[in-house]
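Starting from 1, each residue takes its place in the sequence as its number. Values below: all heavy atoms of this structure, side chains included; hydrogens, waters and symmetry mates excluded.
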Amino acid sequence: MSDLHFLGLGGTDEVGASSYLYLLKEGHLLIDAGARPGSIGEAALPQLGLLTEHPPTAMVLTHAHLDHVGALPVVIRRFPKLPIYCTEATARIATLVLGDTLKVTTMQGQPLFSAGDMKRTLERLRPVPYFTRVSDHGFAFTLFPSGHLLGAASVLIESGGRAVFHTGDVSNISTPVVDAAWLPAAVTPVDAVVSESTYGDTLLPSRKEQVRAFVTAIGETLRGGGRVLIPSFALGRAQEITQILQTAMAGGLLPAVPIHLDGLTRGITEAYEDMLPLLPEALQNRSKVSKQRPFLTGTVNLVKDKREREGILASERPAVVIASSGMLHAGASPQYARAWLPHAENALFVVGYQDAESPGRRLLELQQGGEVMLPAARGRALSRCRPTRGWSASICRPMRTGADCWG
């Protein structure tokens with residue numbers, strides 16, 4: 001395979017800053033350009049300087065999570081004519097993720113890119129359907145559904161008579177908001193596979209059992225008069241959690257309390273509503289039969305502004321808040337954590353990967369009576385949070401790899 005070379009710019013031995021360059025006979029294909037969650041400035045970026053020696057001919061985005069698209073405008077600043085291929089859903093969601101990244105990094109005083117950089121980047125996006133072979137650049141590639149997230153794709157790369165399958169982040173388990181990865185009907189030979197391996201050394205518990213335990217524990221908290229905070233990745237996970245809670249309330253497994261969506265979860269969930277034709281068929285059919293919106297219905301509420309958030313924080317009524325960010329790095333979730341964790345009747349549930357240095361991981365490891373530093377307002381400082389003895393951190397056992405609770 002002398003005509004095929006792989007260069008990892010980030011994300012090869014870490015979660016974050018995912019970016020990979022394929023050096024091909026006909027040109028170079030860049031896959032993803034992510035940022036490191038929780039890092040600021042240059043420390044958040046992949047090793048993009050390596051692209052100077054090997055300028056990319058084309059680029060593919062596998063999906064729109066921050067750790068795969070957060071540095072995209074920095075790449076386009078250097079290569080303004082670079083075409084960026086992705087699915088329609090990834091293109092639409094990336095617009096929101098990059099907008100939020102610009103907002104957060106500007107508040108931190110170290111913006112990764114400018115509004116102009118972002119505008120030029122979005123103009124370079126070229127949505128392509130799954131299963132469509134693109135051969136405009138000498139080499140060819142095809143996107144296949146990879147599960148994991150709405151619009152997420154694996155990439156089959158063809159060059160010089162050889163083939164490489166780049167899985168991207170992949171999941172073979174269907175959820176309420178995304179179907180499992182597509183699998184071919186017959187074995188398809190390739191010369192190499194490059195696969196993500198975040199949980200490659202971890203035996204995850206049954207997702208069905210974890211969801212059942214999750215709903216049971218939330219029910220106990222709410223019936224005890226407590227409030228529930230779920231710091232969540234705004235993209236994908238927040239919508240999944242919303243569906244789980246709505247279903248449980250409709251079935252009488254949970255009391256029908258308000259479900260507040262705050263932070264970036266608001267805009268992403270509204271975007272999911274607009275992309276209903278791209279969501280799983282079961283969700284489309286349920287929405288059609290019920291004549292109700294798939295997410296923003298029942299007790300679900302979008303927190304519109306600071307005043308409404310302050311009212312929720314001050315209320316003692318049982319409620320659920322799903323807020324960004326999922327690792328408590330920034331966003332709305334630290335505000336709820338500071339207000340609610342000192343009270344034993346309340347609970348916080350960790351439902352996703354926690355970076356080793358994140359406040360969320362610190363909460364999972366916290367001994368009773370300890371403290372954790374949480375971002376203060378506008379993300380410019382840290383403040384201490386001292387959870388009361390006996391508070392509930394998570395129903396998910398802390399795993400040495402920070403494994404996702406759903407498996």
Side-chain angles (χ1 to χ4, degrees), residues 5-12 14-24 26-106 108 110-128 134 136-139 141 143 149 151-155 157 166 168-169 194 196 235:
H5 299 276
F6 171 85
L7 186 62
L9 310 181
T12 54
E14 61 180 330
V15 173
S18 295
S19 189
Y20 316 99
L21 185 66
Y22 285 87
L23 307 179
L24 309 174
E26 306 87 350
H28 305 325
L29 177 64
L30 179 63
I31 295 185
D32 295 340
R36 292 182 179 87
S39 298
I40 60 176
E42 290 291 324
L45 300 176
Q47 298 180 64
L48 299 179
L50 297 176
L51 296 176
T52 302
E53 185 178 350
H54 308 287
T57 307
M59 184 173 184
V60 169
L61 295 182
T62 61
H63 64 287
H65 275 143
L66 172 67
D67 58 328
H68 289 256
V69 304
L72 189 56
V74 181
V75 173
I76 296 304
R77 185 192 302 151
R78 301 185 184 201
F79 305 99
K81 295 184 179 181
L82 184 67
I84 308 167
Y85 298 89
C86 60
T87 64
E88 177 186 350
T90 293
R92 295 174 68 171
I93 297 170
T95 302
L96 299 174
V97 173
L98 290 176
D100 186 69
T101 301
L102 176 60
K103 175 183 175 182
V104 170
T105 57
T106 299
Q108 292 171 334
Q110 296 194 51
L112 294 176
F113 48 84
S114 68
D117 293 330
M118 176 178 159
K119 180 177 182 295
R120 286 184 286 273
T121 298
L122 298 177
E123 291 171 349
R124 302 308 301 164
L125 296 179
R126 297 185 179 180
V128 295
V134 178
D136 300 347
H137 306 283
F139 53 81
F141 59 85
L143 305 184
L149 179 70
S154 298
V155 189
I157 305 166
H166 183 102
D169 288 358
V194 177
E196 69 102 358
L235 175 52

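Leu82 is listed as a side-chain neighbour of Ile76, based on a closest heavy-atom distance under 4.5 Å. Using a 4.5 Å heavy-atom cutoff, the side chains of His28 and Leu23 are in contact. Side-chain contact between Ile157 and Val60 is absent, with no heavy-atom pair separated by less than 4.5 Å. At a threshold of 4.5 Å between non-hydrogen side-chain atoms, the residues Leu98 and Phe113 count as touching. Leu21 places none of its side-chain heavy atoms less than 4.5 Å from the side chain of Leu50. Considering only heavy atoms from C-beta on, Phe6 comes within 4.5 Å of Val194 through its side chain. Using a 4.5 Å heavy-atom cutoff, the side chains of Thr101 and Leu66 are in contact.
Counting all heavy atoms, side chain and backbone alike, Thr57 lies closest to Pro83 at O-CD, 3.5 Å. When all heavy atoms are compared, the tightest approach of Ser114 to Arg120 is OG-NH2, 4.5 Å. Nearest heavy atom pair, residue Tyr85 against residue Ala58, reads CE1-CB, 4.1 Å.
Between atom CG of residue Asp169 and atom OG of residue Ser154 there is a gap of 9.5 Å, rounded to the nearest 0.5 Å. Rounding to the nearest 0.5 angstrom, the gap separating the NE2 atom in His166 from the OH atom in Tyr22 is 5.0 Å. Here the SG-CG distance, from Cys86 to Leu125, works out to 5.0 Å after rounding to the nearest 0.5 Å. Separation of atoms CZ (Arg124) and CE (Met59) is listed at 12.5 Å; rounding is to 0.5 Å. For the atom pair CD (Gln47) and OG1 (Thr12), the distance works out to 8.0 Å, reported to the nearest 0.5 Å.
The aromatic rings of His63 and His65 lie perpendicular to each other, with more than 60° between the two planes, well past the 30° mark.
Counting non-hydrogen atoms of other residues, nucleotides and ligands closer than 6.0 Å to CD of Glu123 gives a total above 12.
Checking each of Leu45, Leu30, Asp32 against Leu9 for a side-chain contact (heavy atoms from CB on, under 4.5 Å) leaves exactly one that passes, namely Leu30.
Panel note: side chain His68, backbone Leu61; no donor-acceptor pair is recorded below 3.5 Å.
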Donor-acceptor pairs under 3.5 angstrom involving side-chain atoms of residues 87-96: please list them, not counting sequence neighbours.
| unit_1 | atom_1 | unit_2 | atom_2 | d |
| --- | --- | --- | --- | --- |
| Thr87 | OG1 | Thr90 | N | 3.2 |
| Thr87 | OG1 | Thr90 | OG1 | 3.0 |
| Thr87 | OG1 | Gly151 | O | 2.8 |
| Glu88 | OE2 | Arg92 | NH1 | 3.4 |
| Thr90 | OG1 | Gly151 | O | 3.0 |
| Thr95 | OG1 | Ala91 | O | 3.2 |

